[in-house]
Every structure is written in C-alpha cells, then in structure tokens.
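For clarity, every value in this text was computed on a predicted model and none was experimentally measured.
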Amino acid sequence: PNYDYLSPGSRSNIPMNIDHADSNFPKRAYMASGTERWSIQLGRDKLSWGTSQTGSLTLSGKAPYHDFIRIAGFFRSFSYSGIFMRQEPFARQNEIPSEGPYVPPVILRDDDGDPLSPEDHYRHWQKALVIHRFTMRPIDSLRFSLMESVGIAGYTPDLRFFNPFMVNHNYYDFTTMTFATSAEITLTPMAGLEISGQWYMNDFMLPQEEAAGATEPNAMAWLGGVHWQRPLGQQADSALLKLGGEIYYGDPYVYIRESV
C-alpha cells in the first residue's frame, strides 16, 4: 500500500496528490460457496487463525487484506483448512540480501535485455504462502490444532503443494523455501472461561547440525492467554463484561529465517 499520505507534506486525510491516494481498494472482494460440510473461498479478505485477542502467531488478522484461495472441510470432531496465498514481493532496502543462498536464482532482465539490479531483481520475485491446518476436538471443551506452512519465492508453486495430506517440509529447497509449523490448544473448562496456548517454530537446531558447525539460532515463539466473559443482562443483545490477558515470547530470529 502507498502510505505517502502520512508524510509531513500531507496536511489532511484528503488526498491532494496522486501519491497520497491508497489505490489498493477494495480491501474485501471475494466469491464463496459451500455446505455444512465444506466451503471454498476465492478473492481478497482478512484472515485470522486462533483465539488470541492480540494476534495469532500464524495468521493474526492485522494485515488489511490477503489475496488467497481457501478450501475447508468440517466434521463433528475434525476440520481441515488449506490456504494458498499470494504475497506482495516488497522489501525495505536493508532487507534485500546481496549474497548467499537467498539471492534470486533466476536471472531477470529489463526491456533492453540487461540484467536487473539486485534490488529490482529481488522485488520481482514471485512469493506465495501455502498453509494447511488440521483441528481435532475430542471433547466439546477441548480443541487442538496443528498447522504447517511453506513460504515459496522465485517460482510459481505447482500442484504438489495442494496435497492436503503431504508434509510440505519434505519438499524443502533451502534457496527458495522457508518452512514453519505451529500447534494450538484451547480449553473451556466452564462457561465463559477460555484458556489457550500457541507454539510456533520457524527453525530448530538439531544436535547433528550443531555438531557439523551450523550456527543458525533457534526461531520459535509462544503465546498463552486466559479470557473470561459474562453477559450483563438476560437479553440476547445484552452487553458483555470481558476480562483477560495474554503473554507472548518470541526468539529474535522468529519469522526471519536467515533473512528470507
């Protein structure tokens, strides 16, 4: 999005310059279909997973929109959701790698046939995120979810990434992919009370990797929360009293994956 309207040269929220206008509209535009057992959605919308009120570790809902296709199935004690999401290939100047395994492997050229600069080359990468999530509910008061995602840059994902039962980590290509997994648990021991926890892993150093001389740090995050609510009246539209708190911890390298 173009946020030049926040610059000192803009004295109001009325765009007086084309550079001050946000042309990324509409923020919500999709088509969807489904039944009580399945659904499919294609287009642009917000996405959020988990019960956190401050932001999930996987999909937090903080972004104004995502462009995606989502397929979901629902059963009594089990549900599945798979998402293919396009990512905007934007990066700040200090986020662009100049050497190493994350320099784009495909040489792109401009209209005159000259190779693009490293900065322009990096910004022309295709980027996508493929996520699948399995949720189990053994009893009504307990829900457990497992998620796996793979970020892909440099080429268009092929059909193998749409296999809902494949472990995407087994497709791992160090130069073009980054992998993550997470687990969530939600417990409602009594009416109005919810206890939840999330764990997210972007990278983990195995003993044999450390023995071989690898130096990449662990990249994990944890989020825990307790929330309670109670209606202040007997009517269906009565106001709710809500109390709760959350605690978060993340390793410095989580989501970075060696500057991917």
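Applying the side-chain contact (heavy atoms from CB on, under 4.5 Å) test to Thr58 and every residue at least two apart in sequence or in another chain returns Trp49, Ser56, Met147, Ser182, Glu184, Tyr200. In terms of the salt bridge (charged side-chain N to carboxylate O under 4.0 Å, His left out) criterion, Arg143 has no residue partners (sequence neighbours excluded). Residues meeting the ring-ring contact (aromatic ring centres under 6.0 Å, His included) test with Phe68, sequence neighbours left out: none. Residues meeting the side-chain contact (heavy atoms from CB on, under 4.5 Å) test with Ala72, sequence neighbours left out: Ser39, Phe74, Ser81. Every residue meeting the side-chain contact (heavy atoms from CB on, under 4.5 Å) condition with Ser60, not counting sequence neighbours, appears here in chain and number order: Lys62. In this view, Phe75 satisfies the ring-ring contact (aromatic ring centres under 6.0 Å, His included) rule with no residue, not counting sequence neighbours. Arg37 pairs by the salt bridge (charged side-chain N to carboxylate O under 4.0 Å, His left out) definition with nothing, not counting sequence neighbours. Under the rule for a salt bridge (charged side-chain N to carboxylate O under 4.0 Å, His left out), Arg137 has no partner lying at least two apart in sequence or in another chain. Listed by chain and number, the residues in a ring-ring contact (aromatic ring centres under 6.0 Å, His included) with Phe204 amount to none (sequence neighbours excluded). Scanning for salt bridge (charged side-chain N to carboxylate O under 4.0 Å, His left out) contacts around Lys27 gives Asp22, with sequence neighbours left out. Annotation: side-chain contact (heavy atoms from CB on, under 4.5 Å) contacts of Ala32 (sequence neighbours excluded): Tyr30, Gln41.
Side-chain contact of His169 with Glu148: a donor-acceptor pair under 3.5 Å is absent, judged by distance alone.
At most 12 heavy atoms of other shown residues, nucleotides or ligands fall within 6.0 angstrom of atom CZ in Phe25. Counting non-hydrogen atoms of other residues, nucleotides and ligands closer than 6.0 Å to CG of Leu243 gives a total above 12.
Closest approach of Ile131 to Ser149, counting heavy atoms only: CG1-CB, 3.8 Å. In this structure, Gln198 and Ser52 approach most closely via the heavy-atom pair NE2-CB, 3.8 Å. Minimum interatomic distance between Arg44 and Asp67 (heavy atoms only, all atoms of both residues): NE-OD1, 2.8 Å. What you find for Asn202 and Val254 is that their closest heavy atoms are OD1-C, 4.2 Å.
With contacts defined as side-chain heavy-atom distances shorter than 4.5 Å, the pair Ile83/Leu59 qualifies. Inter-residue side-chain proximity for Leu142 and Ile185 is flagged as met; some heavy-atom pair is nearer than 4.5 Å. Under the 4.5 Å side-chain criterion, counting only non-hydrogen atoms from C-beta, Leu146 is not in contact with Thr181. No side-chain heavy atom of Asn168 sits less than 4.5 Å from a side-chain heavy atom of Asn170. By the 4.5 Å heavy-atom criterion applied to side chains, Ser77 and Met136 are not counted as neighbours. With a 4.5 Å cut-off on side-chain heavy atoms, Ser33 and Trp38 count as touching.
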task: Would you check, one step at a time, whether the test side-chain contact (heavy atoms from CB on, under 4.5 Å) holds for Leu47 with Arg70?
output: CA-CA 10 Å; Leu47 288 172; Arg70 175 170 58 184; 3.4 Å; yes
Worked check of side-chain contact (heavy atoms from CB on, under 4.5 Å) between His132 and Phe161: CA-CA 10 Å; His132 51 203; Phe161 293 103; over 6 Å; no
Full working for ring-ring contact (aromatic ring centres under 6.0 Å, His included) between Phe162 and Phe84: CA-CA 8 Å; Phe162 294 89; Phe84 171 78; 5.5 Å; yes
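Hydrophobic clustering of Ile, Leu, Val, Met, Phe, Trp and Tyr side chains at less than 4.5 Å, counting indirect connections, unites Val130 with Ile71. In the hydrophobic clustering of this structure, Leu193 groups with Leu232; members are Ile, Leu, Val, Met, Phe, Trp, Tyr whose side-chain heavy atoms approach within less than 4.5 Å, directly or through other members. There is a path of hydrophobic side-chain contacts, each under 4.5 Å, that joins Leu206 to Met201. Side-chain heavy atoms closer than 4.5 Å link hydrophobic residues (I, L, V, M, F, W, Y) into clusters, and following such links, even through other members, never connects Ile247 to Leu57. Residues Ile40 and Tyr80 do not share a hydrophobic cluster, clusters being chains of Ile/Leu/Val/Met/Phe/Trp/Tyr side chains in contact below 4.5 Å.
At least one donor-acceptor pair under 3.5 Å links the side chain of Asn218 to the backbone N or O of Met205. Within the 3.5 Å criterion, the main-chain N or O of Phe165 finds a donor-acceptor partner in the side chain of Asn163. Here the side chain of Asp45 pairs no donor or acceptor atom with the backbone of Arg28 at under 3.5 angstrom. Looking at Glu210, its side chain never comes within 3.5 Å of a backbone N or O of Pro207 through a donor-acceptor pair.
The stretch residues 222-232 participates, sequence neighbours left out, in these side chain to side chain donor-acceptor pair (under 3.5 Å) pairs: His227-Glu246.
In this structure, Thr186 OG1 and Glu194 CD are separated by 5.5 Å, a value rounded to the nearest 0.5 Å. How far CG of Leu129 is from CZ of Arg86: 13.0 Å, rounded to the nearest 0.5 Å. Rounded to the nearest 0.5 Å, atoms OG1 (Thr188) and CG (Asp140) are 8.0 Å apart.
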